Amino acid sequence: MTAGRPTAMSGFPELLPAERLVEQHVVDLLRRTFELHGFAPVETRAVEPLETLLSKGETSKEVYVLRRLQADPARPDADAGIGLHFDLTVPFARYVLEFAGKLDFPFRRYQIQKVWRGERPQEGRYREFTQADIDIVGRGELAFHHDVEVARVMAEAMAALPVPPVRLQVNNRKLIQGFYAGVGAPDVDAVMRVVDKLGKVPEETVRRMLADEAGLDDEQASLCLRLAGIRSADASFVDRVRELGVTSDLLEEGMAELAAVLEGCATVSGERVRVEADLRIARGLDYYTGTVFETVMEGLEHLGSICSGGRYDALADDGRTTYPGVGISLGVSRMLVPLLHSGRVRADRPVPSAVLVALVDEPSRGDADAVAQRLRARGIPSEVAAAPQRFGKQIRYAERRGIPYVWFPGPDPATGEVKDIRSGEQVPARADTWSPPEADLRPTISATEERVP
RNA sequence: GUGGGCGUAGCUCAGCUGGUAGAGCGCCUGGUUGUGGUCCAGGAGGUCGCGGGUUCAAGCCCCGUCGUUCACCCCA
């Protein structure tokens with residue numbers, strides 16, 4: 001029975017082995033950086049009660065609901081009311097409340113998992129994708145310096161990845177809300193929503209929307225647009241905001257915080273990751289209360305933000321205690337899948353094997369296995385040829401897979417000759433002592449330095 | 001969820017005003033009976049995404065659907 005070849009499912013990307021090797025490498029690098037900074041690993045279940053998922057934001061349309069094919073007729077509601085999580089922050093907030101008694105605060109954790117959203121897919125935007133989050137949560141209160149910390153850690157993590165340079169853009173809700181209130185905006189949130197359109201629609205359109213939808217007069221709109229135009233790689237944005245002549249306590253507090261984030265990130269900001277203040281950033285989610293982050297890859301700005309987050313003072317609350325937090329979330333799939341498909345990042349082979357042990361004939365397969373086992377014992381990924389074909393074919397088998405070495409058996413399993421098929425060089429070797437150069441042990445993941453015109 | 005572009009061999013693509021499919025690269029075999037890459041000769045491989053419709057005739061026109069992509073929406 002054949003039903004034809006299966007076809008892709010929209011929004012559920014699957015990777016080929018060489019691509020998956022890249023993704024695993026990236027996840028390993030992220031993990032290493034997060035753990036270097038003392039973030040503890042957490043994995044939450046894939047599902048949450050719908051009431052948990054729907055408590056924040058209006059993402060209800062995106063939630064995949066889970067249901068048994070044949071629900072118990074006696075208890076029709078037994079399986080109802082759970083859905084797949086659409087991010088890692090909401091499940092984490094629930095986790096913190098549930099295990100508050102067993103966690104030590106401030107609690108810092110990283111979490112790298114799949115999430116699901118029922119959206120219309122396009123490049124960099126999927127229905128099943130991987131996110132890597134770090135968050136720090138306090139009980140009752142959380143010192144501001146943790147805002148600086150999560151920015152530093154994520155900047156450091158991204159700097160180590162084989163991806164194009166990124167810009168980590170930082171702003172502060174207090175700053176812009178204080179400013180908008182200071183200019184006399186009647187609806188601060190409306191101003192924020194409209195200003196967020198900058199970059200998508202012409203500035204003149206935004207100016208008109210500020211009048212129509214946010215109720216600003218010309219002068220107020222101009223001030224807000226001038227604020228949104230401010231960017232700086234250091235604390236110099238403060239002077240430029242002051243030049244606009246708007247004052248409020250909240251604005252001052254926000255500027256001080258933003259300046260502190262930039263100063264704190266000065267040592268990690270560089271070629272690979274540029275940390276900068278961008279007073280246009282607002283973020284759609286309404287639970288952010290202070291610092292906010294967005295990140296774009298240079299030359300790939302059309303993908304949108306690949307890493308964002310911020311400060312949330314009241315995401316988790318059990319009615320007695322509030323747990324404020326600050327976190328940042330890297331879209332591993334959004335960042336990586338387009339890079340893989342365009343060839344900007346690649347692994348130099350689709351298999352882990354560093355050595356192919358050639359096979360003379362089937363009776364000697366045991367000897368070939370013994371050679372491979374001696375190599376593996378010293379951490380050298382090795383496989384034995386599938387069939388005793390002509391050596392030319394066995395070499396080609398290795399070549400097609402990018403396996404750099406072919407081992408030709410000698411008179412006993414301890415000795416043989418090993419050929420570097422890239423150079424053609426072939427030397428006698430002992431299975432207990434020979435090792436390839438460190439660089440050949442695993443597939444090499446590399447980013448091409450191709451620049452977008 | 002709304003609207004648009006695209007879908008031909010493993011890959012990149014060609015295919016005229018409708019007349020029943022092609023190239024390059026890759027792959028396989030042999031020349032080279034345990035040493036690949038070059039070269040030469042030969043070869044395999046396509047339900048033209050899928051399903052309907054119009055027509056004597058559909059890769060080409062129409063409808064639907066799936067996939068992909070762009071904009072909106074939203075966001076990683």
Side-chain angles (χ1 to χ4, degrees), chain A residues 2-14 16 56-63 85-89 111-133 154 158 166 193 196-197 200-201 281-286 288 292-297 300 302-310 327-338 341-343 356-361 364 368 385 387-410 416-426:
Chain A
T2 51
R5 285 169 203 81
T7 56
M9 281 187 74
S10 181
F12 294 83
E14 291 184 306
L16 290 169
K56 304 291 172 192
E58 309 86 47
T59 42
S60 58
K61 285 180 182 172
E62 299 178 350
V63 173
H85 57 223
F86 56 82
D87 73 2
L88 300 178
T89 307
Q111 190 170 345
I112 304 174
Q113 285 182 244
K114 287 279 176 67
V115 305
W116 296 268
R117 291 182 197 176
E119 290 192 279
R120 177 85 140 241
Q122 56 192 64
E123 189 186 33
R125 174 182 177 153
Y126 309 105
R127 305 211 280 220
E128 177 180 67
F129 58 96
T130 300
Q131 274 188 212
D133 282 34
M154 194 54 93
M158 289 192 292
V166 302
R193 275 198 307 276
D196 198 47
K197 300 291 180 203
K200 287 200 165 184
V201 299
I281 305 298
R283 310 254 53 237
L285 295 174
D286 52 7
Y288 293 115
V292 288
F293 306 105
E294 273 188 12
T295 310
V296 292
M297 287 191 279
L300 295 160
H302 66 279
L303 291 176
S305 178
I306 58 155
C307 178
S308 42
I328 185 163
S329 170
L330 174 67
V332 175
S333 305
R334 168 169 285 187
M335 173 183 70
L336 225 41
V337 174
H341 287 346
S342 66
L356 175 76
V357 179
L359 188 62
V360 176
D361 49 30
S364 67
Q389 296 173 293
R390 279 176 21 206
F391 280 0
K393 294 199 177 179
Q394 297 192 41
I395 291 170
R396 211 156 64 192
Y397 172 99
E399 187 184 28
R400 280 204 309 266
R401 278 151 230 253
I403 300 173
Y405 296 95
V406 175
W407 181 284
F408 297 103
E417 294 201 348
V418 66
K419 178 189 189 79
D420 180 334
I421 66 172
R422 295 159 299 188
S423 64
E425 187 188 3
Q426 185 168 330

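Owing to the predicted nature of the structure, the values given are computational and were not obtained by experimental measurement. Letters A, B, ... are given to chains in the order of the sequence lines, protein chains preceding strands, and every chain is numbered from 1.
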Is_stacked (F129(A), A76(B)) at 5.5 Å, 30 deg: yes
Would you mind reading off the distance between [X] atom [atom1] and [N] atom [atom2], rounded to a whole angstrom?
X: R283(A); N: C74(B); atom1: CZ; atom2: P; value: 12 Å
X: I395(A); N: G36(B); atom1: CD1; atom2: C1'; value: 5 Å
X: D196(A); N: C74(B); atom1: CG; atom2: P; value: 9 Å
X: W407(A); N: G36(B); atom1: CH2; atom2: C1'; value: 20 Å
X: D87(A); N: C74(B); atom1: CG; atom2: P; value: 17 Å
X: F293(A); N: A76(B); atom1: CZ; atom2: P; value: 13 Å
X: E119(A); N: C74(B); atom1: CD; atom2: P; value: 10 Å
X: R193(A); N: C75(B); atom1: CZ; atom2: P; value: 12 Å

Across all strands, who's sitting opposite [N] as a Watson-Crick or G-U wobble pair, both distances under 3.5 Å?
N: G1(B); answer: C72(B)
N: G64(B); answer: C50(B)
N: G22(B); answer: C13(B)
N: U38(B); answer: none
N: G43(B); answer: C27(B)

Qualifying salt bridge (charged side-chain N to carboxylate O under 4.0 Å, His left out) pairs with a residue from residues 417-426 of chain A, counting only residues at least two apart or across chains: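 Every salt bridge (charged side-chain N to carboxylate O under 4.0 Å, His left out) pair that includes a residue of residues 417-426 of chain A, provided the two are not neighbours, is D420(A)-R422(A), R422(A)-D440(A).
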Tell me every residue that passes side-chain hydrogen bond (donor to acceptor under 3.5 Å, both in side chains) with [X], counting only those two or more places apart in sequence or in another chain.
X: S10(A); result: none
X: T295(A); result: none
X: Y397(A); result: E383(A), R401(A)
X: Q394(A); result: none

OH-OG distance between Y126(A) and S333(A), expressed to the nearest 0.5 angstrom: 7.5 Å
For R117(A), side-chain contact (heavy atoms from CB on, under 4.5 Å) partners two or more places apart: E62(A), F86(A), D87(A), E119(A), F129(A), Q131(A)
Pairing residues for P388(A) by the side-chain contact (heavy atoms from CB on, under 4.5 Å) criterion, not counting sequence neighbours: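 Partners of P388(A) under the side-chain contact (heavy atoms from CB on, under 4.5 Å) test: L359(A), E362(A).
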Side chain to side chain, R127(A) and R120(A), heavy atoms closer than 4.5 Å: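 No; the side chains remain at least 4.5 Å from each other.
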Base, sugar-phosphate, or nothing for [X], non-hydrogen atoms under 4.0 angstrom?
X: G304(A); value: nothing
X: I421(A); value: base
X: K197(A); value: sugar-phosphate

Rounding to the closest angstrom, what is the interatomic distance between [N] and [M] at atom [atom1]?
N: U29(B); M: G18(B); atom1: C1'; answer: 40 Å
N: G42(B); M: C61(B); atom1: C1'; answer: 41 Å
N: G36(B); M: G30(B); atom1: P; answer: 13 Å
N: A9(B); M: G43(B); atom1: C1'; answer: 15 Å
N: C74(B); M: C70(B); atom1: C1'; answer: 16 Å
N: U65(B); M: C75(B); atom1: C1'; answer: 28 Å
N: G49(B); M: G15(B); atom1: P; answer: 15 Å
N: G52(B); M: C60(B); atom1: P; answer: 14 Å

Set of ring pair (Phe, Tyr, Trp, His ring centres under 6.0 Å) partners for Y405(A), sequence neighbours left out: W434(A)
Residues which pass ring pair (Phe, Tyr, Trp, His ring centres under 6.0 Å) with F408(A), listed by chain and number, not counting sequence neighbours: F391(A)
Indicate for each nucleotide in [range], in 5' to 3' sequence, whether protein heavy atoms under 4.0 Å reach the base (B), only the sugar-phosphate (S), or nothing (-).
range: nucleotides 24-33 of chain B; answer: ----SSS---
range: nucleotides 39-45 of chain B; answer: -------
range: nucleotides 65-71 of chain B; answer: --SSSBB

No-H, no-angle donor-acceptor pair, R117(A) side chain to A76(B) base, under 3.5 Å: yes
Heavy-atom donor-acceptor pair, Q426(A) side-chain to U35(B) base, under 3.5 Å: yes
Proximal nucleotide (of C72(B), G37(B), C75(B)) relative to the E399(A) side chain: G37(B)
Nearest-nucleotide comparison on RNA chain B, the residue closer to the 5′ end among L359(A) and G118(A):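 Checking each residue's closest nucleotide, the 5'-ward one belongs to G118(A).
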Shortest non-hydrogen contact from I112(A) toward A132(A): CG1-CB, 3.8 Å
Partner of I306(A) by side-chain contact (heavy atoms from CB on, under 4.5 Å), out of L300(A), V296(A), V166(A): V166(A)
H341(A) side chain to E123(A) backbone, donor-acceptor under 3.5 Å: no
